[in-house]
Amino acid sequence: MNYLDHLEQHCGEFSEAFPIEELEQKNVQILKFKDAPFKETYTIASLGLLFHPLQTEDDSLMHQEIMMSAEQPDVQDEIIIYSGNWLSTL
């Protein structure tokens with residue numbers, strides 16, 4: 001099972017993908033899942049970030065995706081903007 005299948009198994013089908021040019025050039029997407037993990041919440045998850053190793057303070061490398069959930073629809077844009085800005089620095 002791949003990562004997208006895993007996400008959709010636990011969160012349902014993603015409802016939206018956000019086109020952020022800097023991320024698309026690196027083959028990274030931000031996906032939105034509605035009513036996941038609970039009703040009236042949403043989850044934002046990266047897809048493809050794990051192919052870009054992140055360096056830790058001790059110089060070791062790790063491969064990671066990110067996932068954030070919120071119950072407040074009014075913070076959605078802030079989370080997407082923050083995620084996109086942070087991820088585009090990789």
Side-chain angles (χ1 to χ4, degrees):
M1 172 182 301
N2 66 37
Y3 178 63
L4 180 57
D5 291 338
H6 177 78
L7 282 175
E8 289 187 329
Q9 180 179 357
H10 294 281
C11 298
E13 287 188 28
F14 71 92
S15 59
E16 198 171 346
F18 300 96
I20 300 173
E21 185 177 342
E22 294 88 359
L23 297 179
E24 288 180 339
Q25 292 172 354
K26 298 176 183 180
N27 296 315
V28 176
Q29 293 180 300
I30 297 178
L31 306 177
K32 176 182 175 183
F33 299 86
K34 282 186 169 181
D35 295 324
F38 311 106
K39 187 127 179 92
E40 297 184 19
T41 63
Y42 66 91
T43 297
I44 302 293
S46 64
L47 179 63
L49 180 61
L50 65 94
F51 296 110
H52 302 274
L54 305 173
Q55 189 170 357
T56 64
E57 290 179 0
D58 68 357
D59 291 331
S60 62
L61 298 177
M62 68 177 183
H63 298 269
Q64 185 73 45
E65 295 286 353
I66 61 167
M67 177 181 274
M68 294 180 261
S69 297
E71 294 180 357
Q72 300 171 312
D74 56 320
V75 298
Q76 170 185 305
D77 290 339
E78 292 176 29
I79 291 175
I80 294 163
I81 290 168
Y82 173 78
S83 300
N85 289 339
W86 181 77
L87 291 172
S88 64
T89 64
L90 301 175

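Only heavy atoms go into these numbers, but all of them, side chains included; no hydrogens, no water, no symmetry mates. Note that the numbering runs from 1 along the sequence shown for the chain.
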- request: Using the side-chain contact (heavy atoms from CB on, under 4.5 Å) rule, take E71 and E40 through it: C-alpha gap first, then chi angles, then the decisive distance, then the call.
  value: CA-CA 6 Å; E71 294 180 357; E40 297 184 19; over 6 Å; no
- prompt: Can I66 and L49 be said to form a side-chain contact (heavy atoms from CB on, under 4.5 Å), step by step?
  reply: CA-CA 8 Å; I66 61 167; L49 180 61; 4.1 Å; yes
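Here the straight-line distance linking atom CG of L31 with atom CD of E13 works out to 12.0 Å at 0.5 Å rounding. The OG atom of S15 lies 9.0 Å from the CG atom of D35; values are rounded to the nearest 0.5 Å. Rounded to the nearest 0.5 Å, atoms CD (Q9) and CG (L4) are 11.5 Å apart.
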Please list, one pair per line, the donor and acceptor atoms closer than 3.5 Å that link side chains of residues 53-64 to other protein atoms, with sequence neighbours excluded.
residue, atom, partner, partner atom, Å
Q55, NE2, D59, OD1, 2.8
T56, OG1, D58, OD1, 2.5
T56, OG1, S60, N, 3.4
T56, OG1, S60, O, 3.1
T56, OG1, S60, OG, 2.7
D58, OD1, S60, N, 3.0
D58, OD1, S60, OG, 2.6
H63, ND1, L50, O, 2.8

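The side chain to side chain contact (heavy atoms under 4.5 Å, CB included) test applied to A45 returns Y3, L7, F33, M67, not counting sequence neighbours. Taking the side chain to side chain donor-acceptor pair (under 3.5 Å) definition, one finds that E65 meets it with S46, sequence neighbours left out. E21 is linked by a side chain to side chain donor-acceptor pair (under 3.5 Å) to Q25, counting only residues two or more places apart in sequence or in another chain.
A cation-pi geometry, defined here as NZ or CZ lying under 6.0 Å from the six-membered ring centre and within 45° of its normal, does not hold between K34 and Y42.
Both L23 and F18 are assigned to one and the same hydrophobic cluster, defined by single-linkage of ILVMFWY side chains at heavy-atom distances under 4.5 Å. Hydrophobic clustering (ILVMFWY, side-chain heavy atoms < 4.5 Å, transitive): L47 and F14 are in one cluster.
Applying the 4.5 Å side-chain rule to ILVMFWY residues, one finds that M1 remains a lone member of its cluster.
Remark: the backbone N or O of A36 is paired with a side-chain donor or acceptor of T41 at under 3.5 angstrom.
Between K26 and E24 there is no side-chain heavy-atom pair separated by less than 4.5 Å. Side-chain contact between I30 and I20 is present, with at least one heavy-atom pair separated by less than 4.5 Å. Residues P37 and S69 have side chains in contact (heavy-atom distance under 4.5 Å, counting atoms from C-beta outward).
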